[in-house]
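Letters A, B, ... are given to chains in the order of the sequence lines, protein chains preceding strands, and every chain is numbered from 1. Everything numeric here is computed off the predicted structure, so don't read it as measured data. Values reported hereafter were calculated over all heavy atoms of this structure, with side chains retained and with hydrogens, waters and symmetry mates removed.
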There are 2 protein chains.
Amino acid sequence: MATISDVAKLTGLSKATVSRVINNHPYISKEKRALVQDAMKELGYFPNPSARRLRGHITSTIGVIVPRIVNPFFSYLVNSMEQVAYKNNYQVLMFQSDENIDKELYFLNLLKTRQVDGIIMTSIENDWDNIEPYTQYGPILLCNEYLSHSNVPTVRLDQTKGTYIGIKHLLDKGHKKIGYCTGGLFAEDGKDKDRNQGYQTALSEAGISVNPNWIFINKHTIDDGKRVMSQIMEMDDKPTAIFTGSDEIAAGVIIEAKDHGWRIPEDIAIIGFDDQPIAEMLDPKLTTIRQPINQMGEKSVEGLITLLKDKNGSVENIELPVELVVRDST
Amino acid sequence: MATISDVAKLTGLSKATVSRVINNHPYISKEKRALVQDAMKELGYFPNPSARRLRGHITSTIGVIVPRIVNPFFSYLVNSMEQVAYKNNYQVLMFQSDENIDKELYFLNLLKTRQVDGIIMTSIENDWDNIEPYTQYGPILLCNEYLSHSNVPTVRLDQTKGTYIGIKHLLDKGHKKIGYCTGGLFAEDGKDKDRNQGYQTALSEAGISVNPNWIFINKHTIDDGKRVMSQIMEMDDKPTAIFTGSDEIAAGVIIEAKDHGWRIPEDIAIIGFDDQPIAEMLDPKLTTIRQPINQMGEKSVEGLITLLKDKNGSVENIELPVELVVRDST
DNA sequence: TTGTATGCGTTATCAT
DNA sequence: ATGATAACGCATACAA
């Protein structure tokens with residue numbers, strides 16, 4: 001492997017000069033610069049990132065933590081981040097936490113050892129108190145997730161409004177018995193609290209009170225959706241519509257409903273969240289809340305790079321708008 | 001950041017001894033070992049991977065190149081690789097080439113500079129002649145892709161058989177006019193050549209000759225599928241069944257067909273490839289060829305680790321079986 | 001404008 | 001069983 005010494009030897013210059021060329025320092029004669037560049041090409045020279053990291057603090061690598069890459073929401077998110085990063089000459093180191101606190105901590109340590117310059121977290125498993133100490137080693141930006149009681153830079157979606165307009169849409173369609181799935185616990189201050197609030201606000205504005213039987217907690221997957229629908233079918237007092245937490249849950253609900261001969265939206269109206277590609281593939285096509293995933297990825301990376309470049313700068317929190325996409329399931 | 005020196009200082013031992021503890025060397029007294037381990041914990045010490053990489057050749061990082069992470073086939077593949085790697089104390093550095101030869105080369109350079117110990121390529125953009133030189137820096141394993149004229153270790157699926165059993169299934173159902181989508185060009189020795197061969201063999205065994213009008217090349221996405229169906233609908237002599245190259249293309253075909261009132265499988269039978277989650281979400285549920293993605297990811301990582309551990313060892317090529325999953329679209 | 005020398009954190013070699 | 005030291009490849013402070 002060609003090193004900086006090889007280039008120095010070949011050109012007859014010192015390692016320092018070669019290094020200066022690599023790093024675009026001023027005060028280098030044009031001839032030597034050209035000389036070095038030719039030599040680098042000839043030798044197929046490529047700077048060794050490990051040495052650079054060890055020496056300076058430059059890595060131009062961004063770490064991204066996702067809970068699960070097979071979740072399309074996150075694979076699209078990572079994809080958009082990667083595109084923007086690449087354009088800015090940054091690399092993305094993707095890591096899936098598997099919703100495991102140890103894996104998450106393991107990855108945060110890469111910040112400590114400067115394998116990554118900064119980290120974008122799209123989910124949070126550990127308590128913030130355990131994560132906060134890592135911010136001294138580099139910026140951490142929250143994307144999609146957020147914490148009300150901390151002041152980390154955050155890029156997120158207006159989840160409250162997303163849910164609100166979804167429920168509003170169902171109300172406008174005449175529904176009064178509206179079920180609701182959440183990925184969390186329907187607690188005041190827990191996961192998905194914003195969405196919960198949107199649900200509650202919309203209902204209370206319509207003068208409808210929440211029926212606890214129609215609240216389904218901890219739902220995420222297609223199978224969860226199927227189970228939800230099974231439960232609904234066994235109820236005496238059934239909801240006429242259901243707001244699911246994701247297109248995947250909605251897919252499960254639809255599949256199960258159709259398997260039992262229910263008509264959608266006549267027997268039950270269904271609304272998703274995300275507007276993933278499957279939303280259009282389902283039959284009936286899924287009414288859902290579109291999240292600007294690409295934009296969120298872009299803003300996150302741009303924000304982190306800003307933080308990286310201006311060590312003392314700050315990035316204002318960004319809240320992206322969501323949108324109702326009406327199709328045939330409502 | 002705590003370094004090995006800090007640990008040495010705190011314990012009153014030398015850096016060398018600390019290093020030995022870290023690397024599980026023999027000949028260390030139990031007491032000192034315990035002493036060091038306590039100190040490491042106390043200081044929150046974590047070895048610096050850059051320094052290790054620079055010094056030795058140990059990184060325990062595997063690089064994986066995928067064309068596009070948003071393609072579920074690849075996100076599931078990467079996921080299974082990551083799981084196995086983590087169990088073996090390896091990290092996965094995922095990179096998407098975007099089917100761009102420069103990005104691919106860029107990533108291969110990480111092998112040269114030892115950022116990764118070895119690389120698993122799930123797609124190949126450059127000519128092998130341009131990739132081959134990198135094998136001197138570390139093992140490269142091909143997963144899913146393969147090259148007939150090279151001897152890189154390869155883990156792949158029996159694509160020929162996959163296509164063969166799919167076509168055979170359609171023939172058994174009485175179809176004689178069977179369309180076919182390929183991701184490549186239907187060339188003798190190009191991309192997807194194995195699948196093409198499976199298609200041709202099955203047809204010729206049934207005494208049916210290939211109708212070039214029913215061959216659709218370069219198809220990958222849902223939209224491609226929609227276009228394929230549009231074309232079919234305009235034909236005078238229409239196929240009664242179509243073998244698509246992926247569940248996504250199949251989804252596009254189904255959507256377009258239903259949008260125009262065609263019944264499936266009565267008006268046209270459709271068969272996918274992959275058995276992705278969407279296969280079961282489509283209506284009608286999709287008959288498809290199941291690929292053992294998880295197994296492929298596992299075998300790849302295990303194979304690469306074997307290569308990594310035994311520098312001179314070799315890994316035999318692995319060909320995994322595929323399976324026909326009959327649902328309602330045929 | 002260019003060169004010399006030092007250290008980043010680690011591990012292998014050679015002593016002890 | 002443990003310690004001192006050199007070297008990995010690079011970037012910077014200091015000298016020239």
Discussion item. Before you tell me yes or no, could you show the steps for B/Q115 and A/R53 under side chain to side chain contact (heavy atoms under 4.5 Å, CB included), namely the whole-Å CA-CA distance, both residues' side-chain angles and the distance that decides it to 0.1 Å?
Written reply: CA-CA 11 Å; B/Q115 307 310 295; A/R53 281 197 255 273; 3.0 Å; yes

Fill in: Nucleotide C/dT1, atom P - distance to NZ of A/K30 in whole Å
12 Å

Response to the item:
Out of D/dT12, C/dT10, C/dT13, minimum distance to the side chain of B/I4 belongs to C/dT10

Fill in: For atom CG of A/N48 and atom C1' of C/dC8, their distance in whole Å
13 Å

Practice prompt. Measure distances between side-chain N and O atoms of B/K15 and base N and O atoms of C/dT10, and say whether any donor-acceptor pair falls under 3.5 Å.
Written response: yes

Worksheet item: For D/dT12, does either OP1 or OP2 sit under 4.0 Å from a side-chain N or O belonging to A/H25?
Response: yes

Item to complete: Test side chain to side chain contact (heavy atoms under 4.5 Å, CB included) on B/Y45 and B/D6 and set out the steps.
Response: CA-CA 9 Å; B/Y45 169 79; B/D6 299 325; over 6 Å; no

Discussion item. Does C/dG9 have its OP1 or OP2 closer than 4.0 Å to a side-chain nitrogen or oxygen of B/S50?
Written reply: no

Item to complete: Please check the phosphate of C/dG3 (OP1 and OP2 only) for any side-chain N or O of A/T17 closer than 4.0 Å.
Response: yes

Worksheet item: Taking atom P of C/dG9 as reference, at what distance in whole Å does atom CD of A/Q115 sit?
Response: 12 Å

Worksheet item: Is the number of heavy atoms from other residues, nucleotides or ligands within 6.0 Å of NZ (A/K112) greater than 12?
Response: yes

Item to complete: Write down the distance between CD1 (A/I28) and P (C/dG3), rounded to a whole number of angstrom.
Response: 10 Å

Item to complete: Could you tell me whether A/T3 contacts a base, only the sugar-phosphate backbone, or nothing, with contacts defined as non-hydrogen atoms closer than 4.0 Å?
Response: sugar-phosphate

Discussion item. Could you check whether the side chain of A/R53 and the base of C/dG9 have a donor-acceptor pair of N or O atoms closer than 3.5 Å, going by distance alone?
Written reply: no

Fill in: Separation of atom CZ in B/F46 from atom P in C/dG9, rounded to whole Å
16 Å

Worksheet item: What's the CD-P distance between A/E31 and C/dT2, to the nearest Å?
Response: 8 Å

Discussion item. Would you call the rings of B/Y106 and A/Y86 parallel, tilted or perpendicular, taking 30° and 60° as the class edges?
Written reply: perpendicular

Item to complete: May I have the distance from B/L54 (atom CG) to C/dT10 (atom P), rounded to whole angstrom?
Response: 12 Å

Worksheet item: Rounded to the nearest Å, what distance is computed from the CZ atom of residue A/R52 to the C1' atom of nucleotide C/dG9?
Response: 18 Å

Discussion item. Within the supplied structure, the quantity of interest is the number of heavy atoms (other residues, nucleotides, ligands) at a distance under 6.0 Å from B/E316 CD; does it exceed 12?
Written reply: no

Worksheet item: Counting side-chain heavy atoms from CB outward, which of D/dA4, C/dT2, D/dT12 is closest to A/K32?
Response: C/dT2

Worksheet item: Which comes earlier along DNA chain D counting from the 5' end, the contact point of B/Y27 or that of B/A51, where each point is its nearest nucleotide?
Response: B/Y27

Worksheet, complete the sentence: Checking D/dG3, D/dA1, C/dT1 against the side chain of B/S29 (C-beta onward), the nearest is D/dA1

